[in-house]
Amino acid sequence: RRNIALSTTSNHALVSGAVKAVTLRMLKGEKIANITDELNKLLEEKGHVFENRTQKERVLGGYDKYIRRYVESEGRVLSFPTGKETVNLFGEEVIPNFDFYVQNGDNIEVCKIKTSNPDSLKSSNESLELYAMNLWAKKMFPNAAKISASYYHLKGPSDTGKNAKPTTDY
């Protein structure tokens, strides 16, 4: 038997969900004056409890910094998916999970924001996710000259819209 820390996973998922929600709202143009308070409100609504005040300040303050840096650096024109367009991934119809795409002339980049630390080694699930994102772009923009799929890690200081470098080209 192995012990599994379900509360840690659950708490991490709650924090990640709140961080992504606030980031996307801001990328869509919503003005959120106090990111820390907004994150705290969302987490309290979901029943998240921090171990102590120091942990709360450290976690929320860190994500405030990461969100602010990314949103302020993102100068590209972003488009957000509106439908539930499926792609065929090895015989299964799936809906790719991504946050926005960028069209720059004939080039398309499909992007997903991650709350984790950047890691040079991608898991096979992430590679499949990037591949599905790429398939979506090929389906939606069949005449695109170049298509890429990317992860942007909020914790990665070089992951900003200003120095965007696609993660993968298929």
Side-chain angles (χ1 to χ4, degrees), residues 3-74 76 78-87 89 92-102 109-137 149-161 164 167-168:
N3 292 330
I4 300 173
L6 293 177
S7 63
T8 302
T9 302
S10 176
N11 285 338
H12 177 70
L14 289 175
V15 172
S16 292
V19 168
K20 276 195 70 165
V22 169
T23 304
L24 289 173
R25 285 170 43 201
M26 291 180 73
L27 287 173
K28 290 176 181 179
E30 184 176 336
K31 304 291 183 212
I32 299 176
N34 192 320
I35 295 170
T36 299
D37 285 350
E38 187 64 19
L39 288 171
N40 189 50
K41 183 184 94 171
L42 292 174
L43 290 169
E44 284 179 351
E45 289 172 359
K46 297 289 185 183
H48 182 277
V49 178
F50 287 98
E51 292 177 20
N52 54 53
R53 193 175 61 146
T54 302
Q55 181 198 35
K56 178 179 179 178
E57 290 170 357
R58 184 174 295 142
V59 170
L60 297 181
Y63 278 115
D64 180 298
K65 180 179 86 174
Y66 301 143
I67 292 169
R68 195 173 306 283
R69 182 194 67 232
Y70 185 82
V71 171
E72 288 173 357
S73 75
E74 185 56 80
R76 303 175 294 173
L78 309 181
S79 298
F80 299 90
T82 55
K84 298 293 183 192
E85 192 70 37
T86 63
V87 297
L89 184 66
E92 293 284 329
E93 288 299 311
V94 299
I95 301 170
N97 182 12
F98 63 95
D99 297 313
F100 60 89
Y101 62 94
V102 179
E109 181 185 9
V110 184
C111 308
K112 182 172 184 173
I113 294 173
K114 304 280 273 182
T115 59
S116 59
N117 285 312
D119 187 355
S120 60
L121 298 174
K122 300 275 183 271
S123 74
S124 60
N125 286 344
E126 287 179 330
S127 296
L128 287 175
E129 182 175 59
L130 289 167
Y131 184 64
M133 291 162 54
N134 196 281
L135 289 174
W136 178 90
S150 302
Y151 288 139
Y152 287 96
H153 294 266
L154 292 179
K155 291 184 179 179
S158 63
D159 278 5
T160 64
T167 305
T168 60

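Only this structure's heavy atoms are used, side chains among them; waters, hydrogens and symmetry mates stay out.
Ala149 and Leu130 make their closest contact through CB-O, 3.5 Å (heavy atoms, listed as atom of the first residue, atom of the second, distance). Counting all heavy atoms, side chain and backbone alike, Thr23 lies closest to Val19 at OG1-O, 2.7 Å. Closest heavy-atom contact between Phe98 and Lys112: CA-CB, 4.3 Å. Taking each heavy atom of Leu60 and Thr36 in turn, the nearest pair found is CB-CG2, 3.7 Å. Closest of all the heavy-atom pairs between Pro81 and Tyr101 is N-CE2, 4.4 Å. The two residues Leu89 and Ala132 have their closest heavy-atom pair at CD2-CB, 4.4 Å.
The residues Glu38 and Lys41 are annotated as salt-bridged, a charged nitrogen and a carboxylate oxygen being separated by less than 4.0 angstrom.
For the pair Glu74 (side chain) and Arg76 (backbone), a donor-acceptor distance under 3.5 Å is present.
With contacts defined as side-chain heavy-atom distances shorter than 4.5 Å, the pair Tyr70/Ile113 qualifies. Looking at Leu135 and Pro96, their side chains never come closer than 4.5 Å, going by heavy atoms from C-beta outward. Side-chain contact between Lys46 and Leu42 is absent, with no heavy atoms from C-beta onward closer than 4.5 Å. A 4.5 Å side-chain heavy-atom check between Ile67 and Leu154 finds at least one atom pair inside the cut-off. For the pair Met26 and Ile35, the minimum side-chain heavy-atom distance is below 4.5 Å. Side chains of Val15 and Thr115 form no contact here, defined as non-hydrogen atoms less than 4.5 Å apart. Between Leu78 and Val102 the shortest side-chain heavy-atom distance falls below 4.5 Å.
The distance from atom CD of Glu57 to atom CZ of Phe50, rounded to the nearest 0.5 Å, is 10.5 Å. Put simply, OH on Tyr151 and CE on Met133 are 6.5 Å apart, with the number rounded to the nearest 0.5 Å. Atoms OH and CG, from Tyr63 and Leu39 in turn, are 9.5 Å apart once rounded to the nearest 0.5 Å.
Counting heavy atoms of neighbouring residues, nucleotides and ligands inside a 6.0 Å radius, atom CD of Gln55 exceeds 12 of them. When the shell of 6.0 Å around CZ of Arg25 is examined, it contains more than 12 heavy atoms from other residues, nucleotides or ligands. Enclosure of atom CD in Glu51 is not indicated, since only 12 or fewer non-hydrogen atoms of other residues, nucleotides or ligands lie within 6.0 angstrom.
Residues that satisfy the side-chain hydrogen bond (donor to acceptor under 3.5 Å, both in side chains) test with Asp99, not counting sequence neighbours, are Lys20. Every residue two or more places apart in sequence or in another chain that forms a side-chain hydrogen bond (donor to acceptor under 3.5 Å, both in side chains) with Asn34 is listed here: Asp37.
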- May I have the step-by-step check of side chain to side chain contact (heavy atoms under 4.5 Å, CB included) for Leu43 and Leu14, ending in yes or no? CA-CA 7 Å; Leu43 290 169; Leu14 289 175; 4.1 Å; yes
